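Structure below; questions to follow.
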Amino acid sequence: PFVVHALNKLPYSKLDSKSVGIREGVVFLTYNSLIASSEKGRSRLHQLVQWCSNFDGLIIFDECHKAKNLVPEAGSQPTKTGEAVLDIQARLPEARVIYCSATGASEPRNMGYMIRLGLWGPGTSFAEFNDFLATMDKGGVGALELVAMDMKARGMYVCRTLSYKGAEFEIVEVPLDSKMTDMYEKSAAFWAELRVELLSAATFSGMEKSASSQLWRLYWSSHQRFFQHICMSAKVPAVIKLASQAFMEDKCVVIGLQSTGEARTEEAVSKYGIELDDFVSGPRELLLKFVEENYPLPAMPEPVAVDGLEEIQRKRPSATSETSLARRARKVPKWNAESEDESEWQSETDTEPDTESDDEFQICTICNSGEDRKKLLQCSCCHHYFHSSCLVPPVVEESGKDWSCDSCKEKTTEYLRAKEVYDKELQQRYDGALERKVKILNLIKSLDLPNNPLDDIIDQLGGPDKVSEITGRRGMLVRSAGGKGVVYHTRNTKDVTMEMVNMHEKQLFMDGKKLVAIISEAGSAGVSLQADRRALNQKRRVHITLELPWSAERAIQQFGRTHRSNQASAPEYRLLFTNLGGERRFASIVAKRLESLGALTQGDRRAGPSLSAYNYDSSYGKKALVMLYKGLMEQEPLPVVPPGCSSEKPETIDDFTLKGRAALVSVGIIRDSILGNGKDSARILGRIVDSDMHDVGRFLNRLLGLPPDIQNRLFELFTSIFDLYIRNARLEGNLDSGIVDMKASTIEMQNAPK
DNA sequence: ACTAGGACGGTCATACTGCG
DNA sequence: CGCAGTATGACCGTCCTAGT
């Protein structure tokens with residue numbers, strides 16, 4: 001039996017010291033720990049190296065794809081994790097190393113940290129990793145295959161693919177129901193309105209250029225997250241349906257998703273308290289937060305202090321210096337005196353006797369004598385001196401505080417009056433803008449938006465007693481006992497600490513006490529949910545992905561949770577997509593990777609259509625996009641007839657391009673506003689910026705924010721152009737279709753192997 | 001076209017604080 | 001003193017815009 005020590009529970013002192021006392025065994029640590037250090041600068045890495053010194057034991061990098069970004073794409077920095085992995089290998093040269101990952105490297109670039117393979121470096125064909133990389137990139141899939149074969153032949157590479165035999169993949173397309181469609185349309189319309197509103201508000205309030213670009217950056221990212229969430233919510237009914245169907249077939253359900261919406265929930269809880277009327281709607285909170293924090297308001301007028309007079313006098317040193325300047329200017333010939341708008345100043349200074357030395361000699365400005373100096377008063381504003389008796393009416397009361405002469409007082413009141421008018425106007429503008437902002441906020445509150453999908457699913461599947469949640473969330477919303485309203489609960493209880501919640505929940509699932517598990521990224525580390533022969537719950541798993549992860553590695557990772565060795569039955573995978581064009585972009589990205597990993601296509605080709613039909617982010621996709629844009633802008637004819645149109649009736653096509661253009665304007669692809677700097681804006685107006693022209697990702701992202709009807713038509717048009725290109729490429733025989741199986745009727749050996 | 005820079009969400013490790 | 005909960009900050013991945 002080995003003792004396993006969790007490094008993050010241990011202090012930073014020497015591991016073999018008396019206080020810690022670990023001489024042998026296994027030390028377990030996360031990649032996050034590997035780069036962690038205490039405040040005093042002692043690092044875990046150093047601690048390990050110290051413990052291991054001259055160590056010829058074994059280092060296992062499990063899930064080693066975490067370090068894949070050691071050699072990143074040009075322009076970005078290597079990640080700390082990658083560097084740390086490299087560092088520990090260098091510092092423990094005697095240690096043996098295993099790289100262990102379910103996903104390996106989906107790209108040769110991701111192999112940067114595998115220095116022990118001996119594929120590059122001195123004594124090999126490649127002096128440096130970059131040389132290796134360049135060759136691999138040039139060689140394509142074939143070269144990779146050779147490397148893999150070579151490694152296998154040399155006995156350094158063991159590949160155990162868990163056969164996906166028995167596993168079933170199904171892509172479930174979830175059409176939006178009528179309520180959802182309605183909601184979607186309203187939301188899309190609202191975002192478009194909000195955009196117009198923001199545009200005018202930004203100009204109205206005279207925003208800085210940088211501030212305004214900041215605003216738009218936030219706008220578009222919020223926009224995207226918003227519709228992403230809506231898409232997830234749209235799939236909830238389908239999840240419920242699939243789940244209950246699975247129960248009827250005596251199966252159990254695992255639901256995978258990415259974002260838990262915790263940030264939004266926590267915010268709402270801290271805002272409204274822990275008892276709420278209904279579940280929190282992520283998209284609504286998102287919108288509220290965006291508008292609340294970013295709606296451009298014109299400048300608030302400076303609050304006028306109650307003792308405004310003194311305040312302003314003190315604040316006006318500039319005014320006094322101006323006077324002295326004006327007075328000095330009067331000494332020189334008068335050529336520019338009256339050109340100024342100094343009517344008041346002038347009349348005043350002119351009536352004054354010209355006493356230029358009054359600063360040094362304290363003399364009364366009125367009687368022009370310096371006698372009785374103790375009774376002289378100095379104006380706090382113009383700094384002239386006055387006899388209290390010379391003034392009309394004479395000043396009797398010596399306040400000792402700031403005092404100002406009548407003319408200054410007059411000016412001050414004048415100034416105050418002007419300021420008041422100005423302030424009033426400012427205030428009006430401000431109030432107007434504020435009113436609009438509040439109106440928008442209320443509008444958002446009245447919008448019918450879906451709830452947080454995670455809470456929603458749990459609720460609809462019977463509450464937390466039936467569903468085991470394996471996520472990183474700290475708390476959750478639960479429908480209160482009376483059936484009215486919801487309450488925020490922390491997920492841990494008296495018996496179960498925070499750290500153990502996920503394990504506990506998992507156990508409940510594996511014991512069959514709960515038949516639904518919801519897993520997110522956090523829960524995915526080391527949690528196995530397969531139909532293990534040792535577990536009580538051996539029902540077949542139905543794995544539903546509500547939301548595919550960004551990268552294929554993670555997707556595979558998640559698939560792997562329910563598909564492991566020693567299982568009684570292989571799971572059924574249900575990949576959920578809505579029928580919205582914009583959402584297929586996620587499929588597009590993941591499909592690309594899944595394809596190159598061969599997980600889906602090789603695993604089970606009979607399991608329905610390949611996902612590669614959805615990979616749009618390729619050179620063909622770019623070409624198709626350019627074609628689409630040009631067609632809509634009527635620069636070039638469209639190569640295909642748009643959906644719902646007919647070539648016999650050109651007016652239908654015109655109508656379509658018109659609508660398409662309007663849609664593109666509303667999501668900011670066709671520029672209709674002055675966002676850039678002044679001189680370019682006119683050129684950009686009503687056009688598509690060059691950089692957007694080839695950006696398929698952006699096209700698909702923005703598409704998501706359109707009403708379903710036009711969204712789908714545009715997307716269909718895009719795919720039909722795309723298909724056309726693919727077909728042409730295939731006809732010309734230069735379509736790179738990746739790895740293909742070549743079937744031969746006979747195979748003969750030509751020569752003996754060398 | 002490509003790079004730089006900023007913002008956000010999510011996860012995790014660590015240090016701090018209050019309580020029995 | 002140990003324990004649980006909270007605050008903070010680093011890291012990572014993703015997105016967006018502006019500038020060259």
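Every chain is numbered from 1 and lettered A, B, ... according to where its sequence line falls, protein lines coming before strand lines. Just so it is clear, the model here is predicted, and its values are computed rather than measured.
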Practice problem: Could you check how far CG of A:L625 sits from P of B:dA1, rounded to whole Å? | Solution: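 Atom-to-atom, A:L625 to B:dA1, this comes out as 12 Å.
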Exercise. For A:Y99, enumerate each residue passing the side-chain hydrogen bond (donor to acceptor under 3.5 Å, both in side chains) test, keeping only those at least two apart in sequence or located in another chain.
Key: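 Applying side-chain hydrogen bond (donor to acceptor under 3.5 Å, both in side chains) to A:Y99 gives A:Q89.
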Practice problem: Could you tell me which residues satisfy side-chain hydrogen bond (donor to acceptor under 3.5 Å, both in side chains) with A:D87, sequence neighbours excluded, listed by chain and number? | Solution: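 Only A:R91 meet the side-chain hydrogen bond (donor to acceptor under 3.5 Å, both in side chains) criterion with A:D87.
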Self-check item: Spacing of A:F226 atom CZ relative to C:dT14 atom C1', expressed in whole Å
Solution: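 One finds 20 Å between C1' of C:dT14 and CZ of A:F226, rounded.
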Practice problem: Go through the structure and list residues passing ring pair (Phe, Tyr, Trp, His ring centres under 6.0 Å) with A:Y629, not counting sequence neighbours. | Solution: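 Once residues adjacent in sequence are excluded, the partners of A:Y629 under the ring pair (Phe, Tyr, Trp, His ring centres under 6.0 Å) criterion are A:F699.
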Quiz item: Think A:W220 has a side-chain N or O under 4.0 angstrom from the OP1 or OP2 of C:dC15?
Solution: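 Answer is no, no contact under 4.0 Å.
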Exercise. Could I get the full list of ring pair (Phe, Tyr, Trp, His ring centres under 6.0 Å) partners for A:F226, not counting sequence neighbours?
Key: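 Testing A:F226 for ring pair (Phe, Tyr, Trp, His ring centres under 6.0 Å), a comparison that skips the adjacent residues, returns A:W191.
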Self-check item: d(NE2, A:H223; P, C:dC15) in whole Å
Solution: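 From A:H223 NE2 to C:dC15 P: 15 Å.
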Quiz prompt | Base-pairing string, 5' to 3', of DNA chain B - Watson-Crick or wobble, under 3.5 Å, | interstrand | solution = ||||||||||||||||||||
Quiz item: How would you list, by chain and number, every residue that makes a ring pair (Phe, Tyr, Trp, His ring centres under 6.0 Å) with A:F509, sequence neighbours excluded?
Solution: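 Partners of A:F509 by the ring pair (Phe, Tyr, Trp, His ring centres under 6.0 Å) criterion come out as none, since no residue qualifies.
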Exercise. Specify whether A:F718 and A:F715 have parallel, tilted or perpendicular ring planes, treating 30° as the upper limit for parallel and 60° as the lower limit for perpendicular.
Key: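 Plane angle between 30° and 60°, so tilted.
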Practice problem: Measure the distance from OH on A:Y219 to C1' on C:dT17 and round it to the nearest whole Å. | Solution: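 So the two atoms are 15 Å apart, to the nearest Å.
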